[in-house]
Amino acid sequence: GAGVSQSPRYKVAKRGQDVALRCDPISGHVSLFWYQQALGQGPEFLTYFQNEAQLDKSGLPSDRFFAERPEGSVSTLKIQRTQQEDSAVYLCASSSGNRETQYFGPGTRLLVL
Amino acid sequence: AQTVTQSQPEMSVQEAETVTLSCTYDTSENNYYLFWYKQPPSRQMILVIRQEAYKQQNATENRFSVNFQKAAKSFSLKISDSQLGDTAMYFCASGGTSYGKLTFGQGTILTVHP
């Protein structure tokens with residue numbers, strides 16, 4: 001079946017703009033994760049959803065970052081008033097349940113100028 | 001809390017040869033598991049292999065195998081008969097908590113030369 005998809009693949013924003021990044025998980029996957037990957041580094045956890053419930057948002061770097069998954073499928077990561085340090089690849093992953101293997105999307109590369 | 005360390009920023013190997021990538025970890029979890037993921041230049045993260053910490057037997061997946069040393073908190077990946085398509089960044093990751101949040105290492109860039 002189809003894998004995890006993310007859109008847009010690339011986003012250029014001017015500092016101060018708001019951006020929204022979309023993730024379509026594998027159909028039926030209840031768990032959804034967002035990670036942030038700086039250039040040349042490993043991904044770092046941002047937030048976790050189980051169905052529509054956001055159960056862990058401890059990795060969100062500031063209150064400018066907001067994520068939602070209102071119907072328990074598609075998720076959106078929103079960044080308000082973007083800053084240059086927000087430039088990174090944002091990865092979405094989904095899994096079929098607790099502690100199951102996570103499958104990753106291709107990522108959205110965000111560049112803030 | 002979990003930490004994962006990959007001490008080899010870059011590795012290279014000749015096609016058809018064997019290479020081993022190193023990883024050490026630390027965790028306060030009792031019931032954890034470990035992964036190797038591969039990230040080719042296109043950036044799609046692909047699962048290579050998974051190891052359950054409670055299993056003594058090392059996981060294998062075709063040309064890929066791990067050497068899991070629980071007491072030493074070491075989890076290395078061996079790639080046999082290296083192929084050009086193995087060229088990628090490789091990440092070691094640990095999972096735990098009740099839902100499986102992953103902690104990643106810094107990655108090792110592997111280049112396979114013809």
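Chain A is the first sequence line, chain B the second, and so forth, proteins listed ahead of strands; every chain is numbered from 1.
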*With sequence neighbours excluded, tell me which residues meet ring pair (Phe, Tyr, Trp, His ring centres under 6.0 Å) with A/Y48.*
A/F33, B/Y99
*Answer with side chain, backbone, both or neither: which region of A/E100 has an atom nearer than 4.5 Å to a non-hydrogen atom of chain B?*
backbone
*Using a cut-off of 6.0 Å, state whether more than 12 heavy atoms not belonging to B/Q8 lie near its atom CD.*
yes
*Does NZ belonging to B/K70 count more than 12 external heavy atoms closer than 6.0 Å?*
yes
*asked:* Using a 3.5 Å distance criterion without hydrogens, assess whether the side chain of A/Y35 forms a donor-acceptor pair with backbone atoms of B/L102.
replied: yes
*asked:* Non-hydrogen contacts under 4.5 angstrom with chain B: give the residues of residues 53-74 of chain A involved, or none if there are none.
replied: A/D56, A/S58
*Which distance, rounded to the nearest 0.5 Å, do you find between the CZ of B/R50 and the CD of A/Q102?*
9.5 Å
*Quick one: do B/V48 and B/Y33 end up in the same hydrophobic cluster if we chain Ile, Leu, Val, Met, Phe, Trp and Tyr together by side-chain heavy atoms under 4.5 Å apart?*
no
*For residues B/M89 and A/G40, report the shortest heavy-atom separation together with the two atoms involved.*
CE-O, 4.4 Å
_A/L77 with A/L32, same ILVMFWY side-chain cluster at under 4.5 Å_ = yes
_Heavy-atom pair with the smallest gap, counting every atom of B/F35 and A/T101_ = CE2-OG1, 3.6 Å
*Should B/I109 and B/L21 be regarded as members of a common hydrophobic cluster, given that ILVMFWY residues are connected when their side-chain heavy atoms come within less than 4.5 Å of each other, either directly or indirectly?*
no
*Counting heavy atoms not belonging to A/R15, are there more than 12 under 6.0 Å from its CZ?*
no
_I'd like to know if B/Y37 and A/Y103 are part of one continuous hydrophobic network [Ile/Leu/Val/Met/Phe/Trp/Tyr, side-chain heavy atoms within less than 4.5 Å]._
no
*Atom CD of A/E85: over 12 foreign heavy atoms under 6.0 Å*: yes
*asked:* Which atoms of B/Y90 are under 4.5 Å from chain A, going by heavy atoms: the side chain, the backbone, both sets, or neither?
replied: neither
*asked:* If hydrophobic clusters are built from ILVMFWY residues whose side chains come within less than 4.5 Å, do B/M11 and B/V112 share one?
replied: yes
_Closest non-hydrogen atom pair between B/M45 and A/P43, with its separation_ = CE-CG, 3.5 Å
*Is there side-chain contact between B/F91 and A/Q37, with at least one heavy-atom pair below 4.5 Å?*
yes
*asked:* Can you tell me how far apart CZ (A/F45) and CD (B/Q2) are? Round to the nearest 0.5 Å.
replied: 12.0 Å
_Distance check, rounded to the nearest 0.5 Å: A/F104 atom CZ versus B/L47 atom CG?_
9.5 Å
